[in-house]
Amino acid sequence: MLEAYVHNQLKDLLKASSCPWPHNLTLSRLVARSLRCRDHSFVQLEVGSNDFWWLGLLIPLCLQPKDVVLVLSPLLHRHLLQVELPKLSKKGLNLSYSVGSKPPSNQKVWLLDHLGLIKAFQEGALQSKHLIVPEAEVFIDSLREALALVITSEDWEQLRRSQPSLDKNLMQIHHRLSRRLFAHASRVDAHVKMDGTEIVALRNLFGRFCFLPSPWSELLNFQTEEWASWAELDHKSLNWLWHLKPLEPLHSLMGLLTDQSFLLLAGTGQNSLLLSQLDSVDCHLDIKVTLGAHTLQGPISLFVPHKQPLPNTACFAGHLLDQSRRLILGIRGLTILLLDDEQLRLQLTAELAAEFGTRVAHEKTTPATNGVVCCRWSWWLEHKDSMQLPEQLIVAILPFATVEDPLIAARVQALKRNGRDWFRELLLPEALSRLPQAVAPLRVTQGRIAILDGRLRARSWGMQFYRALEPWIALQRLLPN
């Protein structure tokens, strides 16, 4: 049996090397079972697994690479080729793999990014393949980004050249759109929602033509109610970019997961949104397993002051400044201050820089050892693995997505149309999944996290954030290190 053979092979390897994660043997058997049974499996890796899970994943693939597609982000792809495969080679093991748009003809693991996965699915090249997807917690977002379209001024010009007989009509549509978008902009360089009338007008204009250049051919085939559409304005040049993203990528790729067997590996314990998205396309899981947290890592310290104001109150900005000063004073290492509100973040950065000087930076990847980096949540999640480990995280406002984002607004409207609870089905699960990812580096340094958002104590759902941060120890007052 494959599971037993993989278990013995990995057990011998672990005897000769040290790995602080105690679940690789269990993971290797789960991966081997998934390769043998070809079912729908979901493995949830709790906080603390870091990159230690690679060995448990790769050993079964070395022994059984046939008809396997490994879906990796560019970052994970580089890590696999530059770090994990050389490690395997030193242990006398080699992974047979293939990179490219065509499926390998022999027994090799097919490495694909998310765009490559979509193209392979659309071309029917995934039949009889078994998908393995690490970082499943961002799988849907990655598919959405891969499907996204951006239409530029150059694309409009290309369309005019391809259909010279309709040049005048195209110019009229573009000028009408431009006037309307800039007239409805609430601020300079705003993002303005676009409805489906633009696509309908173009579809009516080109209804009798068979061929259009990309991305117009894709655009005119859209179901407009299933896509978010908005314009990104540039007031200096008076140009604009047309952005389009699917609300639910699995609906646009119906059959991607239901027609293939798969194994999803999620690196966070907060996956309710992902599971609900699987349910929405009738993708039922045969196996769902949670591997325990890293027992060798101690709890982080959590500081949540009592009687904090809510983010929508007039005194909140002053509260952030006062508390941030106190938190920064006693810390000798790196502090990360997380705040998505751009105006408030820039104001707070300037005020802290007036107090602490060049220690304070805005979204800088190479700060001073005792630096303070003020940044967006998305920026920190993108760069945290390439920066020095922080000693402290200051959460100014909990990571709820704003409905000012056109994509979020469109997803909220879609849920409202169906009479669903858009806060508890979308905004809350997304925020809960972001928090453990952002805090993960503190698990290594056993640092401190401070949450200055008064809603944590004032709202009933605040307890879910406390649970998402476990394990932690409460700090009742601040003491210098």
Side-chain angles (χ1 to χ4, degrees), residues 74 101 113-116 118-119 122 141-247 249 252-253 340 342-343 346 363 376 378-379 382 401-411 413:
S101 59
D113 60 12
H114 295 86
L115 180 58
I118 292 170
K119 290 181 177 179
Q122 293 171 338
D141 287 336
S142 298
L143 290 178
R144 183 180 289 113
E145 292 300 321
L147 285 168
L149 292 180
V150 179
I151 297 177
T152 66
S153 299
E154 289 74 17
D155 293 319
W156 283 95
E157 291 299 322
Q158 183 184 15
L159 180 61
R160 291 174 58 198
R161 289 194 297 269
S162 69
Q163 305 295 340
S165 62
L166 299 178
D167 180 74
K168 182 179 179 180
N169 291 332
L170 280 172
M171 289 292 292
Q172 290 176 346
I173 291 176
H174 186 270
H175 289 162
R176 184 171 67 249
L177 281 174
S178 298
R179 286 194 300 270
R180 180 163 61 85
L181 291 170
F182 282 97
H184 284 82
S186 58
R187 56 182 174 82
V188 174
D189 299 341
H191 289 183
V192 180
K193 177 184 176 182
M194 299 174 68
D195 55 35
T197 57
E198 302 89 0
I199 297 178
V200 172
L202 289 170
R203 190 176 291 156
N204 291 337
L205 183 61
F206 291 108
R208 62 184 183 276
F209 290 93
C210 298
F211 174 77
L212 292 173
S214 181
W216 301 100
S217 54
E218 295 92 333
L219 173 69
L220 298 186
N221 290 323
F222 284 170
Q223 296 294 326
T224 54
E225 66 276 6
E226 297 178 1
W227 285 71
S229 175
W230 72 94
E232 179 184 351
L233 307 185
D234 182 350
H235 277 75
K236 289 184 179 180
S237 64
L238 294 181
N239 284 325
W240 50 279
L241 300 177
W242 191 354
H243 292 269
L244 299 109
K245 288 185 180 181
L247 302 181
S252 301
L253 300 168
D340 276 344
E342 183 176 10
Q343 182 177 352
L346 294 177
E363 298 190 348
R376 293 162 292 149
S378 58
W379 186 91
E382 179 183 352
T402 174
V403 292
E404 293 181 3
D405 182 314
L407 174 62
I408 296 298
R411 295 174 70 188
Q413 287 300 320

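We're numbering straight along the sequence, starting at 1.
What you find for Glu232 and His191 is that their closest heavy atoms are CG-NE2, 3.4 Å. Nearest approach of Val403 to Ile408, heavy atoms of both residues: CA-CG2, 4.2 Å. Annotation for Pro246 and Arg144: closest pair O-NE, 2.9 Å, computed over non-hydrogen atoms. For Leu147 against Ser252, the heavy-atom pair with the smallest separation is CD1-CB, 4.4 Å. Residues Pro406 and Ala228 share a closest heavy-atom pair of O-CB, 4.3 Å.
Residues Trp242 and Asp155 have side chains not in contact (no heavy-atom distance under 4.5 Å, counting atoms from C-beta outward). By the 4.5 Å heavy-atom criterion applied to side chains, Trp240 and Met194 are counted as neighbours.
Between the CG atom of Asn169 and the CG atom of Leu202 there is a distance of 10.5 Å, given to the nearest 0.5 Å. Interatomic distance, CD of Glu154 versus CG of Asn239, reported as 8.0 Å (0.5 Å rounding). Atom OG of residue Ser229 and atom CG of residue Leu407 lie 11.5 Å apart, to the nearest 0.5 angstrom. Within the model, atoms CG of Asp234 and CG of Asp189 stand 5.5 Å from one another, a figure rounded to the nearest 0.5 Å. Interatomic distance, His114 NE2 to Leu143 CG, rounded to the nearest 0.5 Å: 6.0 Å. Atom OG1 of Thr197 and atom CG of Leu177 lie 7.5 Å apart (nearest 0.5 Å).
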Go through it in stages, so that I can follow the logic: the residues are Trp227 and Ile199, the test is side chain to side chain contact (heavy atoms under 4.5 Å, CB included), and I'd like the CA-CA distance, side-chain angles, deciding distance and then a yes or no. CA-CA 11 Å; Trp227 285 71; Ile199 297 178; over 6 Å; no

Hey, mind stepping through Arg180 and Val192 against side chain to side chain contact (heavy atoms under 4.5 Å, CB included) and telling me if it holds? CA-CA 10 Å; Arg180 180 163 61 85; Val192 180; over 6 Å; no

Run Leu170 and Phe206 through side chain to side chain contact (heavy atoms under 4.5 Å, CB included) and show every step you take. CA-CA 10 Å; Leu170 280 172; Phe206 291 108; 3.6 Å; yes

Go through Val188 and Leu233 one step at a time and tell me if the side chain to side chain contact (heavy atoms under 4.5 Å, CB included) criterion holds. CA-CA 8 Å; Val188 174; Leu233 307 185; over 6 Å; no

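In this structure, Trp230 and His243 have parallel ring planes: the angle between them is below the 30° cut-off, well short of the 60° mark. The aromatic rings of Trp156 and His174 sit perpendicular, their planes meeting at an angle over 60°, well past the 30° parallel limit.
Residue His184 places its NE2 atom among 12 or fewer non-hydrogen atoms of other residues, nucleotides or ligands, all under 6.0 Å distant.
No side-chain N or O of Gln158 forms a donor-acceptor pair with one of Ser162 less than 3.5 Å apart.
Checked by atom type and distance alone, the side chain of Arg376 never pairs as donor or acceptor with a backbone atom of Asp340 at under 3.5 Å.
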